[in-house]
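Inspection log for the structure reproduced underneath, given as C-alpha cells.
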Amino acid sequence: MKSRNTFPERDPKDRVKDFASVINEFSFELAKAEADRCLQCPTKPCVSGCPVNINIPKFIKFLRDGDIKSSYLTIREDNFLPSVCGRVCPQERQCEAKCVLGKNSIAIGKLEMFVGDNALKNGWHEEINEIKINNKNNLKVAVIGSGPASLACAGEVARAGIEVDVFEALHRFGGVLVYGIPAFRLPKDVIEKEIKALEKMDVKFHKNILIGRTISFDYLIENYNAIFIGSGAGFPKFLNIPGESYKGVFSANEFLTRVNLMNAYDESYDTPIVKGKKAIIIGGGNTAVDAARTCLRLGYKDVFIVYRREEKDLPAREEEIKHAKEEGVQFSFLLDPAVIIGNNDGWVTGIEFNIMKINGKNDNGKSIIEKTGKTTFIDADTVIIAIGTTSNPVLRSVNGLEFNERGYIRVDKNYQTSIKNVFAGGDIVTGSATVIEALGAGKIAGKNIVKLLSL
Amino acid sequence: MFKVLRKKIYNQYVFELEIEAPLIAREAKAGQFCILIPKEKGERLPFTIADFDRKKGTITFIIQVVGKSTQMMYDEEYDFIPDILGPLGTPSKIEKKNNVLFLSGGLGIAASYPIMKAYKEMGSKIISVVGFRNKSLVFWEDKLKDISDEIIITTDDGSYGLKGNVVSVVDQIFKKYNIDKVYSIGSLKMMKASVDAIKKYGVEIIVSLNPIMVDGIGMCGACRVVLDGKIHYACIEGPDFDGYKVDLDDLILRSNQFAKEEGACLRDYLLNRGNRR
C-alpha cells in the first residue's frame, strides 16, 4: 500500500515574510494519486467522522475518475464551503481519524480543498445558485451575521426562491472567516467569491448594521417572515489575573482583528499595531497558533505559545501546529499564568507562571493539571490572550429569546429558538466550535425555514 | 456610504460633521456612539453622537484632531464617509432628577449635550460647568447656554470665563443647589479629579469613557475597563459608568497604548502634507 502523499507548501523561511497562503496549489495528477489510494470501503467510516456527513468516498470516486464537477456537487450536498473546510477543519480528529488506513489515512481535507478551489476557478459555485428568486409570496427572511452559519442558511433559503437580507455589523462580510482566520491559512478571495455567488442569487448583504442597535430585533420580527441568528461567539475571555491592563496585553481577537479585518500589516492602511520583539501567546487552540504565526509575520523575533496542559492536549489543528513549529514558534507546556508583570511606564515586561503537573485524565481524555508550587518567569513585550470566547450579550435583551446558563441561544432539533419563526445556529448556539459545524447548522436551519414558510 | 451634509471648523483642533444617517438617527439615544471609518483603508474610530435629528435623519459628531485620521478629516473635504456603525453602547440612564450637574471638559461637551437635552425634556434643571484650556478653544457656547439653567465657563489660563478648571467650582455649586446627580465627561484625569471632588457630597456621579476600540460591538476587548475588580466592556455596557466603581487609574495607564505608532503616523502625514502645500 502506498503511503500518504505529501502536498506542496511554501518554504517556512519565505512564508513567514508575508501573509500569502502557506499551502500551494497542486496538480490534478497529485490529487488523483491520493484519491486512487482510497479503498472505497462499503462501511464508509470517514463519513461518520464528518460533522455534516459528506459522502466522502463518492466525491473521491468522482475525483479520481476525473469528473471534478460531480465531485464538487457531491460535497456541496452537505457542505456549502469546501474550499474553506478543506483548509480549516481538524480532519485528523474527524474524517481522517476514521479512515481504515490509520496513520496513512487519505488526505481528505486536501482533496476537498482541491475540489472546492476548482469549483471557484470554474464558476461551478455560481452555477449551482442559478435559481433566481421568484418570490411570488413576498416572503422575506432576515439573517443576522455573515459568518459560516449565516452564509449557509442564506444560500439554502435563497435557493428556494425566498428573499434574504443579511445584516453584518462589521464593514466586511464573512464573520470569523474574515476577522479571525488569517489570510496565510485562508486566502481572502475564497470567501469573497462565495459571497459574490450569493449576491448573484439576489441575497442582499447589508454592512454596518448591528441588530439590536442599528435596527431593533422587533423591527425584524414585524417585517420578516423568519429570522436566522448566526451572530457567533466573539466575546473574548480574559484571564482575570493581575496585570491584564498593562499596555502590550491584547486579546487574540483584538490582535487578529487589527491584522485580518483592518489589514494592520499593510502599510497603506492606517490601523495601528504594536510591533514588539518577543511575544507570549496564552492558549493552545487555533486562535493561539494564528496569533503566534501572525506575530512572526509582523517581525517578532521570539514567539512563545504557552499552554497549561501537555502538547497532546493542544486543541489546535495538527497541521497548524506543524506549520507553526516549522516557522519558528516555540511551545512551552504545563505553565499557567499567575501574574502579568509590567514596568513603571505601564508596559508589560513578562509573565510569572505557575508550573503545573499532571494528575490523571478527565472524561474527555484531557490531562488534569495541578500546581506544583513552583513558579517561573518569561519576559515579553507583548502578551496575547487566546483562551477562548463567550457569547456576545447584545441580543440577550430580546423579549422571549431563551438562553442557556452559559449565555448561548437555546434551540430545538430544528434549530428553532424559543420564539416561533426565529432560528439560530453556529457558535451563538454551541459556543466556539468549527466552521463545518456552523455550516451544517446554518444549512439545516435554512431547510427548516423553507419548510416552515412553504406550509 | 454616508453623505456629509455640513462641516464646521471651530478652531485649530476641533470640527463638527453633520452626516445623513437616517437609520442611526432613528435609533440614537443620549450617551451612544458610532464607529466611523473615514476613508477606504482607514481605521475604525469611535465618536460620541453629539447630536441627532430624527426628522432630518442626521447625526452630528464633534471631532478633535488627535492623530493622522482625524487630522486628515480636518484638512480634507469628504463628501461621503464609507462606513458608520451605530448607535452603539448602552444609552445613558435618564431618570427624573431635579438638579443635574454636568462637568464637561473640552470635547466632553459633545457627549454631555445629548444627555443634557434628555434631562431637560424630563424637566430637570441643568447646571453646566464647561472647561477649556484657553479662549481660542471655546465652542458651542450658545448651544449650551440655551439648554442650561446656569452655565459657568472656565479656562486654565483665565483668558475666558473663570480662571481654573471645572473641578474648582464644584463646592460653590453644591452650596447653591441641591444637586441630585453629576455627569463628568472629559479627559480621564479630569473625570478622576471630579470623582474625588464629588465624593464628599455622596452624590451619584457618572463618567463617560472612550477607551481604545476596534470593532465597538464586544469582539476585541480593547475597551475593557475594570469595575470592582472585574472586567467590563465599554463598547457594550458603557460608555457611562458609575464614577465611584470604575478604575480610572487603570485606564489612564493604558490610554496611550498606540501613542508611539500614532505619533509617528501623524508626523509622517504632517511632513508629507507640508511638502504638498
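Only heavy atoms go into these numbers, but all of them, side chains included; no hydrogens, no water, no symmetry mates.
- Of the two parts of A/Ile209, the backbone and the side chain both hold a non-hydrogen atom closer than 4.5 Å to a non-hydrogen atom of chain B.
- Heavy-atom distances place no part of A/Asn263 under 4.5 Å from chain B, backbone and side chain included.
- Under the 6.0 Å distance and 45° angle rule, A/Arg258 does not count as a cation-pi partner of A/Phe250.
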Steps toward side chain to side chain contact (heavy atoms under 4.5 Å, CB included) verdict (A/Ile282, A/Ile351): CA-CA 10 Å; A/Ile282 305 292; A/Ile351 305 180; 3.8 Å; yes
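- Side-chain atoms of A/Asn392 come within 3.5 Å of backbone atoms of A/Val394 as a donor-acceptor pair (strictly under, hydrogens ignored).
- With respect to chain A, the highest number of heavy-atom pairs below 4.5 Å among B/Gly221, B/Cys220, B/Cys34, B/Gly89 belongs to B/Cys220.
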Kindly indicate, with the supporting measurements, whether the criterion salt bridge (charged side-chain N to carboxylate O under 4.0 Å, His left out) is fulfilled by B/Asp51 and B/Lys117. CA-CA 9 Å; B/Asp51 205 354; B/Lys117 238 177 156 176; 2.8 Å; yes
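- Annotation: side chain of A/Ile211 is not in contact with side chain of A/Ile227 (no heavy-atom distance under 4.5 Å).
- Ranked by non-hydrogen atom pairs under 4.5 Å with chain B, the options A/Ser251, A/Pro236, A/Gly342 are led by A/Pro236.
- Using a 4.5 Å cut-off between heavy atoms, B/Arg224 touches chain A through its side chain atoms alone.
- Other residues, nucleotides and ligands contribute at most 12 non-hydrogen atoms within 6.0 Å of the OH atom of B/Tyr13.
- Residues of residues 240-251 of chain B lying within less than 4.5 angstrom of chain A, judged on heavy atoms, are B/Asp250 in numerical order.
- The ring pair (Phe, Tyr, Trp, His ring centres under 6.0 Å) search around A/Tyr179 returns none, not counting sequence neighbours.
- Residue contact with chain A, scored on non-hydrogen atoms closer than 4.5 Å, involves the side chain of B/Val226 exclusively.
- If you measure heavy-atom distances from B/Gln32 to chain A, the contacts under 4.5 Å come from the side chain alone.
- Only the side chain of B/Lys39 has a heavy atom closer than 4.5 Å to any heavy atom of chain A.
- In the displayed structure, A/Asn240 atom CG is contacted under 6.0 Å by more than 12 heavy atoms of other residues, nucleotides or ligands.
- Remark: B/Glu20 does not engage B/Lys3 in a salt bridge, criterion side-chain N to carboxylate O under 4.0 Å.
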Stepwise side chain to side chain contact (heavy atoms under 4.5 Å, CB included) test for A/Arg185 and A/Val88: CA-CA 8 Å; A/Arg185 196 146 82 79; A/Val88 304; 3.9 Å; yes
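- For A/Lys275, the part lying under 4.5 angstrom from a heavy atom of chain B is the backbone only.
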